[in-house]
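These numbers come from a predicted model, not from an experiment.
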Number of protein chains: 2
Amino acid sequence: MEQLIVQNLILAMLESGVYNTELEELHYTTIAEALRDLEREQIEAALALFPSALSGEIFALLEPGTQEDVAEHLTSDALAEILAEMPSDDRADLAKRLPDEVMDAALLHLDEEERQDIEELTAYADGTIGSIMTTAYVAVPHTVSVEGAMSLIRQEASEAETIYVNFVVDQGGKLLGTLSLKRLILSDPKSSVRDVMNTDVITVEDHADRELAGELIARYDMLALAVTDAQGVLRGIVTHDDILDVINQEHTEDMEKFMGITGAHEDNAYLRTPIFTHFKNRIGWVLGLAVLGFFTGAVLKGFEGILQQLLLLALFMPMLADTGGNIGSQSATVIIRALAMHQISFKDFFRVIGREIRVSLCTAVVLATVAFGRVMFLAGDAELPTNISIFAIGATISIALAMQVVSSAIVGSMLPLLAVRFKLDPAVVASPAITTFVDITGILIYFNLARMILGL
Amino acid sequence: MEQLIVQNLILAMLESGVYNTELEELHYTTIAEALRDLEREQIEAALALFPSALSGEIFALLEPGTQEDVAEHLTSDALAEILAEMPSDDRADLAKRLPDEVMDAALLHLDEEERQDIEELTAYADGTIGSIMTTAYVAVPHTVSVEGAMSLIRQEASEAETIYVNFVVDQGGKLLGTLSLKRLILSDPKSSVRDVMNTDVITVEDHADRELAGELIARYDMLALAVTDAQGVLRGIVTHDDILDVINQEHTEDMEKFMGITGAHEDNAYLRTPIFTHFKNRIGWVLGLAVLGFFTGAVLKGFEGILQQLLLLALFMPMLADTGGNIGSQSATVIIRALAMHQISFKDFFRVIGREIRVSLCTAVVLATVAFGRVMFLAGDAELPTNISIFAIGATISIALAMQVVSSAIVGSMLPLLAVRFKLDPAVVASPAITTFVDITGILIYFNLARMILGL
């Protein structure tokens, strides 16, 4: 439905002061998206009118900034009512961000169970699986029958994040197996859950990296992944939909890392991140590489004599440098993605480098030909020292360019492979670093060739 | 379970020639991963021993190259048996890749229904939603009761990709609503499905871009998305797990596009892509930018006189150029991701540019200070023309660097925003293009400043 229509329905509801049943059939995402553009007071009034289960879901989807703003203006009573109905993972995220006094006041209005849940989940460090899991799953005692499990599931259906995968536990809460609703409705109601449950369960530990949860869910096409502590006691679950957010955030981090930008992306929208944080995340590599750039200048200084004799050579430096940077970054990008998608691993080192050399040789032939043509036909009128022919200069530039292309491809493809060898994220091999590095090798290649071929 | 143990179980099965029931409890992904390292003959023999439903699932997870290799060596009879049990989306993908004569022979052994399914799905163009959807869903006639729907679902459970979301259709196959298994088990068995189904259905058209399916599934936390034709007739579904692959492929494409690499990534593993395709995908931008690099040289030629008078200036060119490229690419990366995650849109244009200017001003101050220090303390011994002081040179370089930083940030952040304004993918704003572009502006800034400040 059009956002505008939904907004009008909400405004009509606010005017009349009664929950509009036309809104009932809508997905909570649709309502949350329509609410985003309204004023804080309107959002507060709407949340008060919606049934509280719906308010919890909607509130979880508001922008983090709006959430904080609204939460700080609500009475602690009203805030507690919303918190009680929020998905437990989103609730823990919010609890971490709210001022302590706001949160403490609201906690007083919550059940012991919910207080404990918030306490447990907020204790997990950002980036761990514990920090993204939810505790709203159905735990089935291992002693019940299929029928018993079904009635338990019906009871808990409105609270649980999913009822399609359920978790069989022993008295101590230890995970014994999973029980899909599919298996349940296909099994004899009288049989024991122990006999129908799946015991080859894929689980993950609560303190592991959240990226691992994404990988497992994707690899095994799971709806929900069981999260246990080191003792095998079930602590929570991660559902398929939470993983999409994680994957998108991880992708942003990878891409930024590759551009030399540090910092995590937990819920940090671009516009809400302070200017200083943006600056801090970006300055590191930029400054380091600028300093390395001075070093490039120092290398270049060693060839000042050659430049003085033939300034024409300087004119091709930007082209050589940029091309090297492009080739190296392209190779690195392709290899980083192939590594991330498990298409290659370190054991393919020589095969990969071999392929990149072959690809770059094709590129080198094309570029060297173009460069030679450019020099011969368009720089033919340059004033040259008597002992140097334009042909020799063309040859120098073409050969330098070809060597630059191939060596940059080797550098760009080798670095991410070496990174995984040393158990680093391949994306730490930042493109700016490759660019600066091949600048230096490019200058060395270029002026040494000039020295040899042109006898400068 | 360890891959090696699973491999040993499979080898034991091959030796004995009987399906090992120990394998029964394993996830098909685990078995498929263990099979990957075996010889083609072993894979063939194993597929023949597994129950055919399992063989279909396992086969779908083998590397595309292995699939083709095995398929071409199987009898058309055996291939048909596997095809009959493969998920319909994976089957259509394979059908597109197999030689016509292999596929035609196998089709003869398949049911009319399956033949038609393959025909329909292979007709969709790559990149469309139709090309990733499956037809293995449960269609519930709108006239049945909840009880009737449940027994239909039980019947089709083994074939359907999901039974957690089911689809209510009229006689003409038109989609009327969705019916989650949750709603079904919570409803009165006697009520009509029309009364309990959800009618606010999010659907998508079969010829739309597959990226849209990913966005909707993520936004609405869906298990399965209904795909209809233009008339609203249900054609297939896309499930949550298929979307993870799509998202990962799209990420690869985005990142590569940003590095000036073209080409799609439908199932194309790095090592299987021919060298020439790699070359073709990368040469376009590289060649174009190399040509633009010659233009940079031409711009530089206009300042040859200045360089001849003060060659020292050339030594700082690589640092200036690289820094500009880094800053511009960083800004572009951050903005592209913020756009992709819907954190900003074109209407935030001035706000975003304003923020990027402020971030870059901080960076400019730091870098200009460092550059000034570098020139004053480390280039102090350079031989200078009498009318030029080292202080003036330091000032020139610092100011040029600061201006380069801020202008590169503006260019890098402006281009992706303009791209979305003109309905282009923001990632078309390739980092190499930004780098080359700011090289030229950097040279103009630098040498014009040198002319003004140093009077060259």
Side-chain angles (χ1 to χ4, degrees), chain A residues 25-27 29 154 157 163-164 181-182 186 200 218-221 240-241 244 247 251-252 255-256 259 261 269-270 275 278-279 282-283 286 289-290 293-294 296-297 300-301 304 307 311 314-316 318-319 322-323 326 329-330 333 337-338 343-344 358-359 362-363 367 374 432 435-436 439, chain B residues 25-27 29 157 163-164 181-182 186 200 218-221 240-241 244 247 251-252 255-256 259 261 269-270 275 278-279 282-283 286 289-290 293-294 296-297 300-301 304 307-308 311 314-316 318-319 322-323 326 329-330 333 337-338 343-344 358-359 362-363 367 374 432 435-436 439:
Chain A
E25 267 291 300
L26 296 180
H27 195 284
T29 303
R154 282 201 186 87
I163 59 165
Y164 297 136
L181 188 58
K182 176 171 168 179
L186 295 175
D200 181 44
R219 197 157 132 212
Y220 293 101
D221 292 351
H240 66 100
D241 48 315
L244 290 177
I247 288 180
H251 181 62
T252 303
M255 198 153 158
E256 296 198 353
M259 280 296 146
I261 303 172
Y270 170 77
I275 297 285
H278 277 299
F279 163 69
R282 303 189 206 174
I283 185 70
V286 166
L289 292 172
F294 291 125
T296 315
L300 192 55
K301 196 172 161 58
E304 218 172 1
L307 270 182
L311 197 57
L315 306 186
F316 294 94
M319 188 271 299
D322 283 349
T323 304
N326 294 345
S329 298
Q330 282 190 342
T333 303
R337 288 306 297 169
Q343 294 172 356
I344 55 171
R358 279 184 287 161
V359 173
C362 299
T363 312
L367 292 184
R374 164 74 175 87
T435 304
T436 307
D439 258 15
Chain B
E25 268 291 299
L26 296 179
H27 195 284
T29 304
I163 59 165
Y164 298 137
L181 188 58
K182 178 171 167 179
L186 295 175
D200 181 44
R219 197 155 133 214
Y220 293 102
D221 292 350
H240 66 99
D241 47 315
L244 289 177
I247 288 180
H251 281 175
T252 302
M255 197 154 161
E256 296 198 353
M259 281 297 145
I261 303 172
Y270 170 78
I275 298 286
H278 277 299
F279 163 70
R282 303 189 207 175
I283 186 69
V286 165
L289 292 172
F294 291 127
T296 315
L300 192 55
K301 196 173 161 57
E304 219 172 0
L307 270 181
Q308 246 148 11
L311 197 58
L315 306 186
F316 293 95
M319 187 271 299
D322 283 349
T323 304
N326 294 346
S329 299
Q330 282 191 342
T333 304
R337 287 307 297 167
Q343 294 172 356
I344 55 173
R358 279 185 286 161
V359 173
C362 300
T363 311
L367 292 184
R374 165 74 175 84
T435 304
T436 307
D439 258 15

Choice from B:Thr296, B:Thr435, B:Val286 maximising heavy atom contacts with chain A below 4.5 Å: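 Option with the top pair count is B:Val286.
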
Top contributor to chain A interface from B:Ile344, B:Thr436, B:Leu181, B:Ile247 [non-hydrogen pairs under 4.5 Å]: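 Of B:Ile344, B:Thr436, B:Leu181, B:Ile247, B:Leu181 has the most heavy-atom pairs under 4.5 Å with chain A.
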
Please determine, among [options], the option with the most heavy-atom pairs under 4.5 Å with chain B.
{"options": "A:His278, A:His27, A:Met255, A:Glu304", "result": "A:His27"}
{"options": "A:Asp439, A:Leu186, A:Leu315, A:Asp241", "result": "A:Leu315"}
{"options": "A:Met319, A:Arg219, A:Arg154, A:His251", "result": "A:His251"}

Any B:Thr363 side-chain heavy atom under 4.5 Å of A:Arg282 side chain: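 Of all side-chain heavy-atom pairs linking A:Arg282 with B:Thr363, none is under 4.5 Å.
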
Close side-chain approach of A:Leu289 to B:Asp322, heavy-atom, < 4.5 Å: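 In short, these two side chains do not touch, never coming nearer than 4.5 Å.
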
[X] side-chain N/O to [Y] backbone N/O, donor-acceptor pair under 3.5 Å:
{"X": "B:Thr29", "Y": "A:Tyr220", "answer": "no"}
{"X": "A:Thr323", "Y": "B:Ala290", "answer": "no"}
{"X": "A:Tyr164", "Y": "B:Ile163", "answer": "no"}
{"X": "B:Gln330", "Y": "A:Met259", "answer": "yes"}
{"X": "B:Lys182", "Y": "A:Ala157", "answer": "yes"}

Aromatic plane relationship, B:His240 with A:His240 - under 30° parallel, 30 to 60° tilted, over 60° perpendicular: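 A:His240 and B:His240: tilted rings.
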
A:Ile283 portion near chain B, given a 4.5 angstrom heavy-atom threshold: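 Contact with chain B involves the side chain of A:Ile283 alone.
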
Residue pair A:Leu311, B:Leu311: steps toward the side-chain contact (heavy atoms from CB on, under 4.5 Å) verdict: CA-CA 9 Å; A:Leu311 197 57; B:Leu311 197 58; 3.6 Å; yes

What pair of heavy atoms forms the shortest contact from [X] to [Y], and how long is it?
{"X": "B:Ala314", "Y": "A:Leu300", "result": "O-CD2, 3.6 Å"}
{"X": "B:Asn326", "Y": "A:Pro432", "result": "OD1-CB, 3.2 Å"}
{"X": "A:Gln343", "Y": "B:Tyr270", "result": "OE1-N, 2.8 Å"}

Candidate pair A:Thr252 and B:Thr333, rule side-chain contact (heavy atoms from CB on, under 4.5 Å), full reasoning: CA-CA 9 Å; A:Thr252 303; B:Thr333 304; over 6 Å; no

B:Asp221 versus chain A, the contacting section by heavy-atom distance below 4.5 Å: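 Both parts, backbone and side chain.
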
